[in-house]
Protein chains: 2
Amino acid sequence: MAGKHELHEKGLRLTPQRELVLSAVRSLGHATPEEVAEKVRETHPGINLSTVYRNLETLQNVGLVLHTHLGHGGATYHAAEELTHLHLVCGTCGSVGDAPIEAAANFVNVLADDYGFKTDVTHFAVYGTCAACVKP
Amino acid sequence: MAGKHELHEKGLRLTPQRELVLSAVRSLGHATPEEVAEKVRETHPGINLSTVYRNLETLQNVGLVLHTHLGHGGATYHAAEELTHLHLVCGTCGSVGDAPIEAAANFVNVLADDYGFKTDVTHFAVYGTCAACVKP
DNA sequence: AGCGAGTTGCGAGTTATTCGCAGTTACTAT
DNA sequence: ATAGTAACTGCGAATAACTCGCAACTCGCT
Ligand SMILES: [Mn+2]
Ligand SMILES: [Mn+2]
Ligand SMILES: [Zn+2]
Ligand SMILES: [Zn+2]
């Protein structure tokens with residue numbers, strides 16, 4: 001009667017690689033596929049990068065992880081339960097700050113009311129200039 | 001006393017390729033580098049893709065064009081004077097809608113007041129689900 | 001006309017991601 | 001427990017989207 005493993009509950013096989021990818025994403029907060037691979041290699045040195053990519057996609061399909069776009073390049077992955085903030089990326093210094101989703105509540109409502117658009121404010125970063133760079 | 005060409009005013013040389021890249025961006029509205037190249041090739045078939053990339057960057061450096069990120073892939077370019085709207089990209093059907101920048105006015109103010117962050121709402125798209133896809 | 005820095009075309013090099021396939025492994029059904 | 005099978009993995013190759021190095025050309029200046 002022990003509960004099923006969360007991966008089994010999602011209909012996925014439990015492999016060491018998959019489990020390690022998931023816990024790497026959880027422990028890293030934000031991470032690129034490359035960073036996830038590095039983390040996983042601490043305990044499972046042989047993991048292939050394509051296995052990481054495939055598992056990130058699989059885990060995303062079942063809703064355990066998701067990705068955001070913080071810059072011009074590739075996506076960064078988050079644990080699903082942890083994505084509760086906006087990303088503020090500074091075009092000048094490159095820093096990535098966080099802000100609570102509530103900061104966008106009014107914006108989300110405007111888009112819903114006026115355009116029928118249901119917004120996910122976390123998927124793309126918010127771009128601009130951070131406080132430190134705005135000041136001279 | 002005839003006015004200088006706008007490219008000369010920006011300190012750039014006027015080459016056929018550069019002028020064509022700029023007018024392609026202007027006539028296309030949104031365009032990827034590949035699409036710009038295609039457009040330019042209508043009148044200048046030999047243009048090399050790297051010339052397009054280099055000119056897009058050069059034109060961006062002097063403020064005549066700029067880019068936004070509409071999806072997972074590469075950037076899309078806009079004429080600077082034309083970027084007066086938000087992009088609403090639908091994750092379900094892939095459509096890209098527009099909304100006036102004013103829709104984000106309150107959001108921009110909140111980020112400025114609470115975080116000192118000066119937001120450029122056009123650089124990254126707004127992601128979500130369009131009205132057509134929200135409805136069953 | 002003549003010069004020199006800026007620009008172009010081209011081929012090669014990167015980087016990030018995806019794919020095909022053969023061998024392995026996790027679950028399932030005896 | 002055992003065997004069957006579909007899922008999964010590693011690996012190497014392929015693709016996509018740029019980026020770079022360099023020799024040839026050309027724009028703007030004198
Ligand atoms: Mn950008
Ligand atoms: Mn995405
Ligand atoms: Zn900054
Ligand atoms: Zn849609």
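In what follows, chains are A, B, ... by sequence order, proteins preceding strands, each numbered from 1.
- With rounding to whole Å, Asn48(A) atom CG is found 14 Å from dA22(C) atom C1'.
- Counting any heavy atom pair closer than 4.0 Å across all strands shown, Arg18(A) reaches sugar-phosphate atoms only and no base atom.
- Between the side chain of Thr51(A) and the base of dC8(D), no donor-acceptor pair under 3.5 Å is found.
- Leu56(B) places its CG atom 15 Å from the C1' atom of dT8(C), with the value rounded to the nearest Å.
- A ring-centre distance under 6.0 Å is found for His30(A) and His87(A).
- Computed from coordinates, the Tyr77(B) OH to dC18(D) P distance equals 7 Å when rounded to whole Å.
- Note: Phe107(A) and Phe107(B) have parallel aromatic rings, judged against thresholds of 30 and 60 degrees for the angle between ring planes.
- In this structure, OH of Tyr53(A) is placed 15 Å from C1' of dA14(D), rounded to the nearest angstrom.
- Summarising the geometry, the separation between CG on Leu12(B) and C1' on dT8(C) is reported as 15 Å, rounded to the nearest angstrom.
- Taking 4.0 angstrom as the limit, His5(B) places none of its side-chain polar atoms (N or O) nearer than this to OP1 or OP2 of dG28(D).
- Between Glu19(A) atom CD and dT25(C) atom P the separation is 17 Å, expressed in whole Å.
- Nearest nucleotide to the Ser50(A) side chain, out of dC22(D), dT18(C), dT17(C): dT18(C).
- By the 30° and 60° cut-offs, the orientation of the rings of His72(A) relative to His67(B) is perpendicular.
- Atoms CG and CG, from Leu7(A) and Leu12(A) in turn, are 6.0 Å apart once rounded to the nearest 0.5 Å.
- Listed candidates were dC27(C), dC27(D), dT9(D). Nearest to the side chain of Arg13(A) is dC27(C).
- Atom OG1 of Thr51(A) is separated from atom CG of Leu20(A) by 11.5 Å, given to the nearest 0.5 angstrom.
- In this entry the distance linking NE2 of His8(B) with C1' of dC29(D) reads 11 Å, nearest Å.
- Arg54(B) contributes no side-chain N or O that forms a donor-acceptor pair with the base of dG6(C) under 3.5 Å.
- The phosphate of dG10(D) has OP1 or OP2 within less than 4.0 Å of a side-chain N or O from Gln17(A).
- Ion pairing between Glu6(B) and Arg26(B) holds under the 4.0 Å rule for side-chain N and carboxylate O.
- Interatomic distance, NE2 of His123(A) versus CG of Leu86(A), reported as 14.0 Å (0.5 Å rounding).
- Annotation: proximity of residues 65-75 of chain A to DNA chain C (heavy atom, distance under 4.0 Å) is found for Gly74(A), Ala75(A), numbered in ascending order.
- In the set dC27(C), dC8(D), dG21(D), dC8(D) carries the atom at the smallest distance from any side-chain atom of Thr15(A).
- When rounded to the nearest whole Å, the span between CG of Leu14(A) and P of dT25(C) equals 15 Å.
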